[in-house]
Protein chains: 2
Amino acid sequence: MSRPHDTTSQHVAELFKALGHPARVLLLRLTWDQGRSGEELCGLLKLAAATVSHHLALLDTAGLITAEQRGHHRFYRAHRAAFAPSLADLLAVPRPETETTAPPAPILSEEERYRAKVLRTFFKDGLLTTIPAQRKKRDVVLSYLLRDFEPGREYPESEVNALLGAYHPDFFTLRRELIMRGWLTRERGVYRRPEPEPATGVA
Amino acid sequence: MSRPHDTTSQHVAELFKALGHPARVLLLRLTWDQGRSGEELCGLLKLAAATVSHHLALLDTAGLITAEQRGHHRFYRAHRAAFAPSLADLLAVPRPETETTAPPAPILSEEERYRAKVLRTFFKDGLLTTIPAQRKKRDVVLSYLLRDFEPGREYPESEVNALLGAYHPDFFTLRRELIMRGWLTRERGVYRRPEPEPATGVA
DNA sequence: TGTTTATTTCGAAACTCTTCGAATCAGTTT
DNA sequence: AAACTGATTCGAAGAGTTTCGAAATAAACA
């Protein structure tokens with residue numbers, strides 16, 4: 001595409017925009033250590049319920065907060081995993097650093113072995129250490145992450161973010177890439193993994 | 001405390017707001033590795049000069065970019081020091097000294113632990129509170145400051161001052177000490193960080 | 001089941017931000 | 001000093017955000 005940066009800058013700016021209002025910063029601070037209900041947050045912020053709800057929705061869309069229904073109230077919590085990266089990490093642009101870790105000989109017949117190797121390389125202790133730069137490796141990692149999604153079930157965005165965020169702080173990228181490949185679909189804010197298997201050996 | 005948070009949330013949100021527009025994210029990316037003139041940035045962003053100037057002014061106000069007049073042009077450069085903290089660092093609220101949750105401690109060598117401890121002692125909110133008196137601690141702090149200098153690139157004195165001044169008002173001492181150790185060199189008024197020896201861990 | 005309670009959506013007013021052309025300003029060059 | 005070049009400020013139009021009250025929704029309780 002003519003401007004791969006544009007989309008990414010757009011995307012990164014989106015995250016920062018979600019953080020770019022005092023009320024939302026305060027909401028995150030107040031929900032950092034403990035869950036709090038919307039009602040409580042209303043009182044603390046001295047804003048109308050509708051306004052607080054609006055801000056919470058923005059934080060939720062950005063994957064910065066999680067909600068849980070308990071009794072009559074809905075409790076909100078900052079989604080801490082999303083806050084690990086530094087500003088520089090988020091801003092960092094995919095360098096043209098000519099990745100010369102050339103994949104070893106054509107072992108295409110040993111696809112499973114290749115997959116295992118890639119997964120071993122990029123996962124440590126069940127966490128995704130880096131999102132692979134190479135397309136093919138990213139495919140492997142992303143298809144692995146799909147395990148957590150039942151085909152056909154609906155997932156709200158916040159849950160998608162939470163599931164992916166458990167592996168890597170930049171769940172945005174992971175989510176976007178899954179959508180790009182059609183391995184997740186998005187309609188009216190809810191996500192779904194389509195029924196057919198994604199990357200199984202096609203011929 | 002009626003509102004120590006209020007002011008801070010306002011202030012933090014200000015910073016995020018400055019980052020919350022695609023054009024500004026792109027500007028920072030484009031000026032991350034090299035200085036660029038306003039004219040050049042205009043061309044790259046395909047926006048009117050007035051608009052680019054406006055965005056640059058916002059970034060400047062937030063302390064995210066530095067400018068330097070050179071010849072006919074004014075060169076802008078991302079002020080990298082400002083991007084070191086994580087989102088959590090920025091969001092973190094002055095805790096009521098209940099150090100309950102220790103941050104997940106990765107396995108560090110004894111030297112790394114020492115470095116981390118020194119840095120924690122002398123940095124607050126990304127700023128250098130005091131220049132350590134002990135030589136060994138000063139080494140740690142100075143080597144940390146080097147992160148902001150790309151090996152091999154030329155830095156005019158004004159930029160060196162700006163980069164170091166972002167951490168501590170007495171950039172003069174910092175600069176002198178870096179020169180003394182040979183971690184920066186000076187020739188004909190321009191500064192340079194020597195190319196790294198092989199096997200130097202850079203984070 | 002209907003009632004209660006908390007949250008979200010809607011619609012509208014006030015406000016802020018983005019964008020540009022034109023005018024102004026600030027350095028360089030001749 | 002005058003002319004040139006690039007950057008900033010000004011003013012205005014348009015787009016987007018924030019805020020709230022009122023109405024709709026959803027979820028728990030009796």
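A, B, ... follow the sequence lines: proteins, then strands. Residue 1 opens every chain.
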_For a quick check, with a 4.0 angstrom heavy-atom cut-off, what is the B/S/- contact string for nucleotides 18-30 of chain D, read 5' to 3'?_
SBBB-----SS--
*Name all residues meeting the ring pair (Phe, Tyr, Trp, His ring centres under 6.0 Å) criterion together with B/H55; count only those two or more places apart in sequence or in a different chain, and write none if there are none.*
B/H21
_Please report the distance, rounded to the nearest Å, between CD in A/E68 and P in C/dT7._
13 Å
*Tell me: CG of A/L41 to C1' of C/dA6, nearest whole Å?*
13 Å
*For B/D139, salt bridge (charged side-chain N to carboxylate O under 4.0 Å, His left out) partners two or more places apart*: B/R135, B/R181
_From CG of A/L56 over to P of C/dA6, roughly how many Å is that when rounded to an integer?_
16 Å
*For the ring pair B/W183 and B/F149, is the centre-to-centre distance below 6.0 Å?*
no
*Considering non-hydrogen atoms only, spot the tightest contact between A/L146 and A/R193 and give its length.*
O-NH1, 3.1 Å
_Could you work out, with side chain to side chain contact (heavy atoms under 4.5 Å, CB included) as the rule, every residue matching A/L58, not counting sequence neighbours?_
A/R24, A/H54
*Could you tell me the separation between the CD atom of B/E39 and the P atom of D/dG6, rounded to a whole number of Å?*
4 Å
_B/F75 CZ - C/dT28 P separation (whole Å)_ = 12 Å
_For A/R138, all residues meeting salt bridge (charged side-chain N to carboxylate O under 4.0 Å, His left out), sequence neighbours excluded_ = A/E177
Check: residues 67-78 of chain A side-chain donor-acceptor pairs under 3.5 Å, at least two apart:
unit_1, atom_1, unit_2, atom_2, d
A/Q69, OE1, A/R74, NE, 3.0
A/Q69, OE1, A/R74, NH2, 3.0
A/R77, NH2, A/D33, O, 3.0

Identify each atom pair where a protein N or O and an N or O of nucleotides 13-15 of chain D are less than 3.5 Å apart, giving names and distance.
none

*Mind checking side chain to side chain contact (heavy atoms under 4.5 Å, CB included) for B/K137 and listing every partner two or more places apart, or none if nothing turns up?*
B/Y114, B/V118, B/F122, B/P132, B/Q134
*Tell me: CG of A/L27 to P of C/dT7, nearest whole Å?*
12 Å
*Which part of the nucleic acid does B/Y76 contact within heavy-atom distance under 4.0 Å: base, sugar-phosphate only, or nothing?*
sugar-phosphate
*asked:* If I take atom CD in residue A/Q10 and atom P in nucleotide D/dG16, what distance separates them, rounded to the nearest angstrom?
replied: 11 Å
*Sequence neighbours excluded, which residues qualify as side chain to side chain contact (heavy atoms under 4.5 Å, CB included) partners of B/R192?*
B/E154, B/T185
*Mind checking what makes salt bridge (charged side-chain N to carboxylate O under 4.0 Å, His left out) contact with A/E14, not counting sequence neighbours?*
none
_My understanding is that only residues two or more places apart in sequence, or in another chain, count here; which of them pass side-chain hydrogen bond (donor to acceptor under 3.5 Å, both in side chains) with A/S53?_
none
_End-to-end axis angle, where each axis spans five pairs of the helix from C/dT1-D/dA30 to C/dT30-D/dA1, to 10°_ = 30°
